[in-house]
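First comes the structure, then the notes that go with it.
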Number of protein chains: 2
Amino acid sequence: MRKTRTPPTDEGVAAARLAHCKAALVRENRRVTSYDVALVAGVSQSAVSRCFKPGASVSPSMHARVMAAATGLDYIPNAAARSLITRRSNMVAVVLCHVSSLYHPEALAELSRQLARRGKRVLLFTVQHEADVEQVLGDIWEYQVDGAIIAAPLSNEQVQEFERRRLPLVVFNRNVRDRTVSSVLCDQYETGRLLATRLAGAGHRQFGIVAGPEGSALASERRAGACDRLQELGLPAPVVVPGQFDYASGGSGLREIIGTLGRVPDAVLCGNDVMALGCLDTARHALRIDVPRAMSVVAFDAVEPASWLSCDVTTLRQPMHNMALAAADLLTSMIESQGSHLPEKRVFAPQLVEGSTARLAPIRDTWLAA
Amino acid sequence: MRKTRTPPTDEGVAAARLAHCKAALVRENRRVTSYDVALVAGVSQSAVSRCFKPGASVSPSMHARVMAAATGLDYIPNAAARSLITRRSNMVAVVLCHVSSLYHPEALAELSRQLARRGKRVLLFTVQHEADVEQVLGDIWEYQVDGAIIAAPLSNEQVQEFERRRLPLVVFNRNVRDRTVSSVLCDQYETGRLLATRLAGAGHRQFGIVAGPEGSALASERRAGACDRLQELGLPAPVVVPGQFDYASGGSGLREIIGTLGRVPDAVLCGNDVMALGCLDTARHALRIDVPRAMSVVAFDAVEPASWLSCDVTTLRQPMHNMALAAADLLTSMIESQGSHLPEKRVFAPQLVEGSTARLAPIRDTWLAA
DNA sequence: TTGTACGCGTTATCAT
DNA sequence: ATGATAACGCGTACAA
């Protein structure tokens, strides 16, 4: 232990500078900047910038000094300032309507996850109705996002504005007419066909359909698919009754079908799971129909929650995980390629969830096997 | 109609400048800036800035000229550049874990809506498990958000880091121990007490509880509330059996309770709706118990989807809409007040959904009436 | 490898 | 009411 005053070490100098700098920051009420870090580390500001850029050419000693100073100051690079110069915000706009976020909560979570692993964050825009997209477009331009994933129908003009601004766009689970635009979707028409095929293959001949209310484009595509396929197979036309997408509609729909038909149908297709549950309960407990032996009940489209609230309904589900992954991939490559990426549609087949409420023929459709 | 060459009008000049500017933008591959607008409108750049600032002092003619030029150029102010100088990004970080986004999808949608009407957008961060929050904190600092709403438990150090960075924080639906931090939550203990009170008041004496798996802090608080209240009322201790939060657990749990008790209990409390549905189906269809006359079945906590997949279970629901509104309000005022806002807890009472699976005493609890 | 100097697009301050 | 000028915090040519 020497008693003499030790000469100022590098650490000592840095520590003094750090304290001085911290005091100044508080006094002037400023944020910590790369310039402050440079001051404390005794290097230039651009050196600090390089140290935070992965793959930059920096000597180990420089890196160590800068990182020490940065840690001491709690320095984090400012993403806003960076995006100003790089023209990349690393943010992606995701537009959802209120309802679809309720019915398909896993879609957003999965989009967020997939985008995060590609270094992008989700800037969320929600609208009450799908038609309200126009209201958020202005905000989207303003926030300088690198691209957008939109789960709502877009008008021709709206798509055009994305092109004009050269903003990568992926439309999620909606059809866009008369325009070539990148999109990810699930083939609803095929969903209907598939179900009809599998049920017909198992010997069902007379079908009943509890449809949803008019206005749902996706739902009516599914119904058309089923009806077309039944006709192709030479089976009798199904009895179609309307429903309100609620539990009660399922039971009353079934009774109505039986009334019209004069007998119990071989199979009932319900527009969603809620109606399928209602139909199922009425059939089993009120009408004492042996499901699935005397009658099959299937839902056209399952929301994810149906699997945990499950009563084991046979149903078709949109492969949201794959769709989210595809959307993230598609958008990312559009962003990376700076617009040279041509519009691309990725269409997914629905996923059959074989519950215990229907008899199905074994798999023959090659698409399903894929 | 004069045949002579007309002198250049203001509109003519502006149109020419617009065309010239547009060409330059494409040639130099630049973005449209306020400077371009100024050039076309023939005014200064700061004038353009003022025209886009609500409540600034600008003459009508100036406003008109600038807006015309801006529209012609598709100009939108750049939020990143603005936030650099104003130190306001108008973005709020929302951190969710994957699971809660599935069970309470309406929470995020409502948060987004409420924040939007206050001029803030949601920058979404999702984590697989609640313990992974640490991973996204770095990103939160980087993106210069104005505040954060976090639906995950935070450690003492993590809360401290928010304070150090003076970043407004609201913890959503989680308890934070040993720290005064603003939070919005639903009183789980009271949820349990309330249910016990209302059922006891209707004459139920012997209770059974199908609990969830260990590890859910919220669920065990609810159970404790129910048990404490039953003891206070001098009723026999409930039979508690474990469950896995799935449909099957409800039925097997009920059978186990009956086995232990040697008779059918007066009321069964299930840890969530899925188990309540399972319990209900087993009771009604397999054991032929008259619900609710011979036995009441209630769920402790309902997720929103239970209402559409509803089998009309009597249950308690967390008032997510109110909670989201409160969180948005709380965070906004913390942001506006620049940190002078003291930490504040907002605790909500659970909301009783009176289905048809239980007999309940009339309302006496003053809190419920509120 | 490191430092200098400039620009990204805006708002804010201060004259006029 | 309007215009000149200085920040905001960073990335990146370019020179050394």
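Within every chain, numbering begins at 1; the chains are lettered A, B, ... in the order of the sequence lines, protein sequences first and strands thereafter.
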Task: Separation of D/dG9 P from A/Phe52 CZ (nearest whole Å) - done: 15 Å
TODO: Whole angstrom is fine here: how far is it from CD in A/Glu142 over to P in C/dG9?
DONE: 15 Å
Open item on the list: Side chain of B/Ala81, heavy atoms from C-beta onward: which of D/dT12, D/dC10, C/dG9 has the nearest atom to it?
Closed with: C/dG9
- [ ] Measure from CG on A/Leu39 to C1' on D/dG9 and round the result to the nearest Å.
- [x] 15 Å
Open item on the list: Categorize A/Val48 for me: base, sugar-phosphate, or nothing, with a 4.0 angstrom heavy-atom threshold over every strand shown.
Closed with: nothing
Task: Residue closer to the 5' end of DNA chain C, A/Val43 versus B/Tyr35 (nearest nucleotide) - done: A/Val43
Open item on the list: Distance check, rounded to the nearest 0.5 Å: A/Leu124 atom CG versus B/Met91 atom CE?
Closed with: 13.0 Å
Open item on the list: I'd like to know if A/Arg165 and A/Glu163 make a salt bridge, using a cut-off of under 4.0 Å between side-chain N and carboxylate O.
Closed with: no
- [ ] Name the closest nucleotide to the A/Arg31 side chain, picking from C/dA12, C/dG9, D/dG9.
- [x] D/dG9
Open item on the list: Base of D/dG3, side chain of B/Arg50 - is there a donor-acceptor contact under 3.5 Å?
Closed with: yes
Open item on the list: Output the rounded distance in Å from CZ (A/Arg88) to C1' (D/dT12).
Closed with: 16 Å
TODO: Would you indicate which nucleotide in C/dG9, D/dC10, C/dT11 comes nearest to any side-chain atom of B/Asn78?
DONE: C/dG9
- [ ] Let me know, please, whether A/Ile85 or B/Met62 comes out on the 5' side of the other along DNA chain D by nearest nucleotide.
- [x] B/Met62
- [ ] For the side chain of A/Ala47, starting at C-beta, report the closest nucleotide among C/dT10, C/dA12, C/dG3.
- [x] C/dG3
Open item on the list: Rounded to the nearest 0.5 Å, what separates atom CZ in B/Arg113 from atom CZ in B/Arg118?
Closed with: 10.0 Å
Task: Distance test, side-chain N/O of A/Ser34 to OP1/OP2 of D/dC10, below 4.0 Å - done: yes
Open item on the list: Quick check for you: among C/dG9, D/dA4, C/dT2, whose closest atom lies nearest to any side-chain atom of A/Ser57?
Closed with: C/dT2
- [ ] Please work out if B/Ser46 contacts a base, only the sugar-phosphate, or nothing of the nucleic acid, heavy-atom cut-off 4.0 Å.
- [x] base
Open item on the list: In this structure, is the centre-to-centre distance between the rings of B/Trp141 and B/Phe162 below 6.0 Å?
Closed with: yes
Task: Nearest-Å distance for atom pair CD/P, residues B/Gln144 and D/dC10 - done: 8 Å
- [ ] Please report, rounded to the nearest Å, how far the P atom of D/dC10 is from the CG atom of A/Leu73.
- [x] 12 Å
Task: B/Arg31 and B/Asp36 ion-paired at < 4.0 Å - done: no
- [ ] Have a look at A/Ser49 and say if it touches a base, only the backbone sugar-phosphate, or nothing, with a 4.0 Å heavy-atom cut-off.
- [x] base
Open item on the list: When you measure only distances, ignoring hydrogens and angles, does the side chain of B/Arg30 come within 3.5 Å of the base of C/dG9 through a donor and an acceptor?
Closed with: no
Task: Nearest-angstrom distance from the residue atom CZ of A/Arg82 to C1' of C/dG7 - done: 17 Å
Task: Nearest to side-chain heavy atoms of B/Gln45, which nucleotide of C/dC8, C/dT11, D/dC8 - done: C/dT11
Task: C/dT10 OP1/OP2 closer than 4.0 Å to side-chain N/O of B/Tyr75 - done: yes
Task: Side chain of B/Ser59 (C-beta onward), nearest among C/dG9, D/dA1, C/dG3 - done: D/dA1
Task: Check against side-chain hydrogen bond (donor to acceptor under 3.5 Å, both in side chains), B/Thr332 and B/Asp329 - done: CA-CA 5 Å; B/Thr332 313; B/Asp329 265 340; 5.3 Å; no
Open item on the list: As a test of reading the structure: which of D/dG3, C/dT4, D/dT2 is closest to the side chain of B/Ser44, going by heavy atoms?
Closed with: D/dG3
Task: Proximal nucleotide (of C/dT10, C/dA12, D/dC10) relative to the B/Lys53 side chain - done: C/dA12
TODO: Grab the CH2-P distance between B/Trp141 and D/dG9 for me, whole Å please.
DONE: 18 Å
